[in-house]
Amino acid sequence: MPPLPPAFYAQDVEEAARALIGVDLTVDGVGGTIVETEAYDVADPASHSFAGVSARNAAMFGAVGHAYVYRIYGLHHCLNIVCGSPGSAVLIRAIEPRHGLPRMQERRGIDRPLRQLCAGPGRLCAALAIDLALDGAQLNAPPFRLITPERHAPIVTGPRIGITKATDRPRRFCMQDSPWLSRPVSNSLAASQHN
DNA sequence: GACCGGATGTACT
DNA sequence: GTACATCCGGTCG
């Protein structure tokens, strides 16, 4: 159960987004297995880094292996992992909850269906108590912990969610048949592939 | 300095 | 399926 090596974060952002599927992610011991990611980079009109460096997206242009956390729609947070070339990051969209379920339920509401605990970028940030205080934080140090998966599960790709630009690019990566996704992968555009 | 719209989630109908 | 909460960065004046 080794942590992700520093070199992991240096690889191309699309490869990193694929390789992050199956990784165990915890914040202060609370978290689970990453099952859904999306890749973004500077050449991408849908990326926050597309327009260049700013106060908000500075972490995207910083060292790899750090977190880029931002607030969206005024109330939610989203967690990205800075990977590859400057201005690139992987959005973590869903995890399978495995560690610290009571604490997640406490944060998200005890009567909420387990399936919806971490299914969505805003939901998982709420469950793991991720907010702007963790923007720019190192991922190979507390409170973060990322563990290399023992074996890679089949991965399905599809178009990204909730964006209006560059929607044709299949840069969303999901663990095949996972019940913990924010949304199923649309059949017509899905392409199955292995690591 | 104002305005716009977003990598969303929830509570309704 | 639709409304709405609620903030900030980017853009244009």
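No hydrogens, no waters, no symmetry mates; every other heavy atom, side chains included, goes into these values. Just so it is clear: chains get the letters A, B, ... in the order the sequence lines come, proteins before strands, and each one is counted from 1.
Here the P atom of nucleotide B/dT8 and the CG atom of A/Leu79 are 14 Å apart, to the nearest Å. In this structure, the CZ atom of A/Arg93 is 5 Å from the P atom of B/dT8, given to the nearest Å. The distance from atom CD of A/Glu36 to atom P of B/dT8 is 10 Å, rounded to the nearest whole Å. If you measure from atom CZ of A/Arg56 to atom C1' of B/dG5, you get 11 Å, rounded to the nearest angstrom. Summarising the geometry, the separation between CG on A/Asn57 and P on B/dG6 is reported as 18 Å, rounded to the nearest angstrom. The interatomic distance linking A/His77 (NE2) with B/dG9 (P) rounds to 13 Å, in whole Å. Remark: C1' of B/dG6 and OH of A/Tyr70 are 9 Å apart, rounded to the nearest angstrom. Counting to the nearest Å, the C1' atom of C/dC8 and the CG atom of A/Asp135 are 13 Å from each other.
Between the side chain of A/Tyr73 and the base of C/dA5, no donor-acceptor pair of N or O atoms lies under 3.5 Å.
A/Leu75 comes within 4.0 angstrom of a base, heavy atoms only. Within the nucleic acid shown, A/Arg172 has no heavy atom closer than 4.0 Å to any nucleic acid atom. Within 4.0 Å of A/Arg160, counting heavy atoms only, lies no atom of the nucleic acid at all.
No side-chain donor from either of A/Glu96 and A/Ser178 sits under 3.5 Å from a side-chain acceptor of the other.
Proximity of A/Ser182 to the phosphate of B/dT8: no side-chain N or O atom is located under 4.0 Å from OP1 or OP2. Listed pair A/His48 / C/dG9 fails the phosphate criterion, with no side-chain N or O lying under 4.0 Å from OP1 or OP2. Of the side-chain N and O atoms in A/Arg123, one or more sit less than 4.0 angstrom from OP1 or OP2 of B/dT10. One finds a side-chain N or O of A/Arg112 lying less than 4.0 angstrom from the OP1 or OP2 phosphate oxygen of B/dT10. In this structure, A/Arg108 does not reach the B/dG9 phosphate: none of its side-chain N or O atoms is under 4.0 Å from OP1 or OP2.
Residue-nucleotide stacking is present for A/Tyr40 and B/dA7, judged by a side-chain ring centre under 5.5 Å from the six-membered base ring centre and planes under 30° apart.
Both distances falling under 3.5 Å, in either a Watson-Crick or a G-U wobble arrangement, place B/dA11 opposite C/dT2. Taking a pair to require two hydrogen-bonding distances under 3.5 Å in either a Watson-Crick or a G-U wobble arrangement, C/dC8 pairs with B/dG5.
The two residues A/Leu139 and A/Phe144 come nearest to each other via the heavy atoms O-CB, 3.4 Å. For the pair A/Trp180 and A/Ala94, the tightest heavy-atom approach, listed with the atom from each and the gap, is O-CB, 3.5 Å. In plain terms, the two heavy atoms of A/Val23 and A/Leu146 that are nearest each other are CG1-CB, 4.1 Å.
Distances were taken from every side-chain heavy atom of A/His76 (C-beta onward) to each of B/dG9, C/dC8, B/dA7; the shortest belongs to B/dG9. With B/dA7, C/dG10, C/dC8 as the choices, the nucleotide that has an atom nearest any side-chain atom of A/Ser54 turns out to be C/dG10.
Separation of atoms OH (A/Tyr68) and OG (A/Ser88) is listed at 13.0 Å; rounding is to 0.5 Å.
Using a cut-off of 4.0 Å between Lys/Arg side-chain N and Asp/Glu carboxylate O, A/Arg171 and A/Asp41 are scored as salt-bridged.
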